[in-house]
Peer 1: 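What follows is a single structure, and I will ask about it in a moment.
If you read the sequence from its start, that first residue is 1, and numbering goes on from there. Here the structure is a predicted model, which means the values were calculated and not measured.
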Amino acid sequence: MLKNKTSESIIQFENKIIKGDVLEILSQIPKESVDMVFADPPFNLNKKYSNSNDKKITEDYLNWCYDWIDQCIRILKPTGTLFLHNIPKWLVYYANHLNEKGMYFKHWIAWDAGGAPLGKTL
C-alpha cells in the first residue's frame, strides 16, 4: 500500500497549537492541503507585546502580510476558504491583494465590538 506524502506531512499539524514564525510554519504545510484558514494577525497599531513589534512602516507591514497571505493561498485546497480578521484600514489592502492573486474577495463581515484593540482610541 502506497502512503500519501501530503497526508503524512499534514498530520503533524492536525489538532495542535503550533507556536512559531508564521512564514516558517506555513512553508512546511503541503500545497492545496487545507480546507480553511482563519488568520488574525497583529493590527500594526503599536500595541505592547512582550516579544514583538506591532508598529511597522506601512510598506513593511503590508509586505509581511502579503507573504503570509500568499502562503495561505498556496496551502488552501481549490475549494478552500480564507478568513482574514483585521481592521478595515488593512482589510482593504488584503482584498486588493487577494483579487490580484485570483482569490476574489467575496464577503465582508463587520460587527460593532464592545471593545477595541487600543481601548477607546480606535
Side-chain angles (χ1 to χ4, degrees):
M1 171 193 262
L2 294 174
K3 291 188 176 184
N4 183 329
K5 285 182 90 176
T6 299
S7 294
E8 288 178 0
S9 297
I10 199 71
I11 287 173
Q12 67 180 315
F13 299 104
E14 287 182 353
N15 300 316
K16 293 183 177 135
I17 295 172
I18 300 165
K19 182 178 177 181
D21 181 274
V22 66
L23 294 172
E24 289 176 20
I25 301 300
L26 288 174
S27 71
Q28 297 174 42
I29 299 174
K31 179 181 177 182
E32 297 182 354
S33 63
V34 174
D35 291 305
M36 193 267 300
V37 172
F38 180 92
D40 182 4
F43 292 2
N44 203 39
L45 294 175
N46 202 26
K47 283 183 76 173
K48 303 290 187 241
Y49 294 103
S50 60
N51 61 354
S52 71
N53 177 5
D54 191 42
K55 184 61 179 166
K56 298 181 185 296
I57 296 168
T58 296
E59 183 179 2
D60 292 344
Y61 177 74
L62 288 172
N63 285 332
W64 173 73
C65 289
Y66 297 155
D67 288 345
W68 61 257
I69 288 170
D70 289 346
Q71 283 294 322
C72 291
I73 292 168
R74 183 189 67 77
I75 67 172
L76 277 173
K77 293 178 181 178
T79 57
T81 302
L82 176 60
F83 292 95
L84 297 177
H85 174 80
N86 211 305
I87 59 177
K89 173 181 180 175
W90 302 121
L91 290 172
V92 171
Y93 290 99
Y94 296 174
N96 288 331
H97 184 73
L98 289 168
N99 289 339
E100 290 172 4
K101 298 291 181 173
M103 295 273 302
Y104 298 104
F105 175 80
K106 295 181 182 166
H107 302 286
W108 187 291
I109 301 170
W111 71 88
D112 183 10
L118 291 177
K120 295 182 179 191
T121 62
L122 182 62

Peer 1: Closest heavy-atom contact between Phe43 and Asp54?
Peer 2: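 Minimum heavy-atom contact is N-OD1, 3.6 Å.
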
Peer 1: Just distance, no hydrogens or angles: give the donor-acceptor pairs under 3.5 Å from side chains in residues 95-102, sequence neighbours left out.
Peer 2:
residue, atom, partner, partner atom, Å
Asn96, ND2, Val92, O, 3.4
His97, NE2, Asp70, OD1, 2.7
Asn99, OD1, Phe105, N, 2.9
Asn99, ND2, Ala95, O, 3.3

Peer 1: With rounding to the nearest 0.5 angstrom, report the SG to CG distance, Cys65 to Leu91.
Peer 2: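 Reported value, rounded in 0.5 Å steps: 10.0 Å.
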
Peer 1: Please enumerate all residues that pass side chain to side chain donor-acceptor pair (under 3.5 Å) together with Asn86, with sequence neighbours excluded.
Peer 2: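 Scan of Asn86 (side chain to side chain donor-acceptor pair (under 3.5 Å), adjacent residues dropped) gives Tyr61, Tyr94.
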
Peer 1: Any chain of hydrophobic side-chain contacts (each under 4.5 Å) joining Leu84 to Trp108?
Peer 2: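 Yes, Leu84 connects to Trp108 through the hydrophobic network.
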
Peer 1: Salt bridge (charged side-chain N to carboxylate O under 4.0 Å, His left out) with Asp35: which residues, sequence neighbours excluded?
Peer 2: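 For Asp35 the salt bridge (charged side-chain N to carboxylate O under 4.0 Å, His left out) partners, ignoring immediate neighbours, are Lys77.
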
Peer 1: How long is the straight-line distance from NZ of Lys55 back to NZ of Lys47, given to the nearest 0.5 Å?
Peer 2: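 NZ of Lys55 is found 14.0 Å from NZ of Lys47.
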
Peer 1: Between Trp68 and Pro41, is any pair of side-chain heavy atoms under 4.5 Å apart?
Peer 2: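 Yes, side chains in contact.
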
Peer 1: Which distance, rounded to the nearest 0.5 Å, do you find between the CG of Leu45 and the CH2 of Trp90?
Peer 2: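 Interatomic distance, Leu45 CG to Trp90 CH2, rounded to 0.5 Å: 8.0 Å.
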
Peer 1: Is the backbone N or O of Lys56 less than 3.5 Å from a side-chain atom of Asn44, with the two atoms forming a donor-acceptor pair by type?
Peer 2: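 Looks like yes, one N/O pair under 3.5 Å.
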
Peer 1: What pairs meet the salt bridge (Lys or Arg N to Asp or Glu O under 4.0 Å) rule with one or both residues in residues 78-97, with sequence neighbours excluded?
Peer 2: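 Matches after skipping sequence neighbours: none remain.
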
Peer 1: Who pairs with Ile25 by side-chain contact (heavy atoms from CB on, under 4.5 Å), at least two apart in sequence or on another chain?
Peer 2: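 Listed in chain order: Phe13, Ile18, Gln28.
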
Peer 1: How many angstroms lie between CG in Leu76 and CD in Glu32, if you round to the nearest 0.5 Å?
Peer 2: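 Going from CG on Leu76 over to CD on Glu32, the span is 9.0 Å.
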
Peer 1: Of all the heavy-atom pairs spanning Ser33 and Ile29, show the shortest one and how long it is.
Peer 2: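 It is OG-CG2, 3.5 Å.
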
Peer 1: Going by the rule side-chain contact (heavy atoms from CB on, under 4.5 Å), which residues pair with Asn15 if we only count those two or more places apart in sequence or in a different chain?
Peer 2: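 Asn15 satisfies side-chain contact (heavy atoms from CB on, under 4.5 Å) with no residue once adjacent residues are dropped.
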
Peer 1: Can you list the other members of the hydrophobic cluster that holds Phe83, where links are side-chain heavy atoms under 4.5 angstrom apart?
Peer 2: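 Met36, Phe38, all in the cluster of Phe83.
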
Peer 1: Restricting to side chain to side chain donor-acceptor pair (under 3.5 Å), what partner residues turn up for Asp60, sequence neighbours left out?
Peer 2: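 With neighbours one apart ignored, the set is empty.
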
